[in-house]
Amino acid sequence: MIDIETKRLLPRVPSIRPFDLSILFDHILDNSAWRCSLARLGFDVVCTTSSPSTSKTLDTPAARKTELQMRLRKYEKAKFCRRRKTDKETTISLTGDQIIGDIIDSDMALLPIAIAPHGTFGSLFQRFLYGTDAAPSPPFRDDRPNAKKADRLARSSKVPRALLPRANDFWRKENPDMNYGDSYKTTDPTIYFEHEAGLIISTAVSSHILRAHNKNGHLKPIRCGIDKECKCTEDNHPMPEDDTTLPPTTFLPITTLNHPLPSRTPARNPISGSVCTFLPTDPTASADT
């Protein structure tokens with residue numbers, strides 16, 4: 001059973017939710033099922049930032065891959081090095097390392113899920129899913145002994161490994177002639193998971209782009225985006241006092257109230273549905289519609 005942000009897992013701080021997601025293991029299972037000695041496995045999700053695209057050290061695919069893995073490991077480590085929390089019910093304050101210690105003492109393990117901007121998972125979660133080797137452990141400060149223990153526990157045999165390949169084996173054994181998903185494109189649990197994870201990540205990225213677009217839609221245009229000869233007035237397009245505050249490019253919403261549509265109809269914005277045109281940086285260049 002999968003629980004979401006469950007409370008009352010730690011006796012000293014019952015109101016704190018130590019995991020985003022957690023699995024409560026059933027120890028009354030037959031020998032054919034997957035058994036685990038832990039009482040609960042918790043997951044904490046974190047999204048990483050993107051790396052600087054102008055860095056000279058990332059000029060090869062191998063360098064970019066290495067940098068990505070190191071960045072994911074950094075965010076995994078941050079989940080083990082938590083901040084101090086105060087429980088609202090007991091008013092007990094614990095350091096982040098004490099909270100991690102209580103998680104370990106309660107026979108639970110923490111597994112960070114670090115996700116890069118384009119959907120790459122951190123090595124600890126990939127180990128859990130596919131059985132690949134995790135990246136080497138990062139260094140921990142001396143005042144974070146429990147964080148170091150939690151990192152070792154996440155890499156130990158107590159935490160399940162290669163979940164998806166084993167799920168494939170179970171499915172093919174019990175359902176040899178059936179697809180796992182609703183179509184032939186999702187024949188087994190691994191493919192189904194990758195489709196669903198890709199959909200969730202792409203939806204989250206699209207939502208972020210949509211929010212950014214909506215914010216940028218309030219920016220005032222520098223010049224008319226349809227016709228260079230148009231005499232736009234301040235009533236139609238109020239101009240800012242200082243043009244330097246505007247970005248070099250922006251989207252200009254166009255309506256038939258202030259401009260008749262030209263012979264070449266501008267493209268419609270696929271997000272908002274309004275007609276729009278793109279303003280190039282060069283003021284002498286023609287507008288792309």
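Predicted, not measured: the structure shown is a model, and the values here were computed from it.
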In Å, rounded to the nearest 0.5 Å, how long is the span from [atom1] of [X] to [atom2] of [Y]?
| X | Y | atom1 | atom2 | answer |
| --- | --- | --- | --- | --- |
| D169 | E174 | CG | CD | 11.0 Å |
| L10 | I100 | CG | CD1 | 9.5 Å |
| C81 | R144 | SG | CZ | 5.0 Å |
| E76 | Q69 | CD | CD | 8.5 Å |
| D105 | K149 | CG | NZ | 7.5 Å |
| I92 | K85 | CD1 | NZ | 16.0 Å |

Between [Y] and [X], is there a side-chain heavy-atom distance shorter than 4.5 Å?
| X | Y | result |
| --- | --- | --- |
| T120 | Q126 | yes |
| L153 | K158 | yes |
| K7 | P14 | no |
| D44 | L110 | yes |
| Q98 | N146 | no |
| F170 | N175 | no |
| F128 | L41 | yes |
| V46 | I115 | no |

So which atom in [X] and which in [Y] form the shortest heavy-atom distance, rounded to 0.1 Å?
| X | Y | value |
| --- | --- | --- |
| T190 | P165 | OG1-N, 4.3 Å |
| G119 | I201 | CA-CD1, 3.8 Å |
| A147 | D97 | N-OD1, 3.0 Å |
| P139 | K77 | O-NZ, 2.6 Å |
| H195 | K185 | CE1-O, 3.5 Å |

Presence of salt bridge, R127 and D133, under 4.0 angstrom: no
Would you say [X] and [Y] are hydrophobically clustered, going by side-chain heavy atoms of ILVMFWY under 4.5 Å?
| X | Y | result |
| --- | --- | --- |
| V205 | L68 | no |
| W171 | Y130 | no |
| L163 | I2 | yes |
| Y192 | M178 | yes |
| V45 | L111 | yes |

Examine distances only and state if a side-chain atom of [X] and a backbone atom of [Y] form a donor-acceptor pair shorter than 3.5 Å.
| X | Y | result |
| --- | --- | --- |
| S93 | T86 | no |
| D3 | L21 | no |
| T48 | L72 | no |
| R84 | G96 | no |
| S106 | M108 | no |

List the steps, then state whether salt bridge (Lys or Arg N to Asp or Glu O under 4.0 Å) holds for D151 with R155. CA-CA 7 Å; D151 178 77; R155 302 164 187 273; 3.0 Å; yes
Distance-only side-chain donor-acceptor flag, [X] / [Y], under 3.5 Å:
| X | Y | answer |
| --- | --- | --- |
| S22 | R40 | yes |
| T49 | Y75 | yes |
| S137 | R152 | no |
| T187 | N179 | no |

Hey, is [atom1] on [X] packed in by over 12 heavy atoms from elsewhere, all under 6.0 Å?
| X | atom1 | answer |
| --- | --- | --- |
| F43 | CZ | yes |
| D182 | CG | no |
| F121 | CZ | yes |
| I4 | CD1 | no |
| H208 | NE2 | no |

Geometric cation-pi criterion K148 and F80, 6.0 Å radius, 45° cone: no
Determine whether R12 and D102 satisfy the following criterion, salt bridge (Lys or Arg N to Asp or Glu O under 4.0 Å), listing intermediate values before the conclusion. CA-CA 8 Å; R12 291 198 291 175; D102 282 9; 3.0 Å; yes
side-chain contact (heavy atoms from CB on, under 4.5 Å) between Y180 and I191, worked out: CA-CA 9 Å; Y180 185 80; I191 298 176; over 6 Å; no
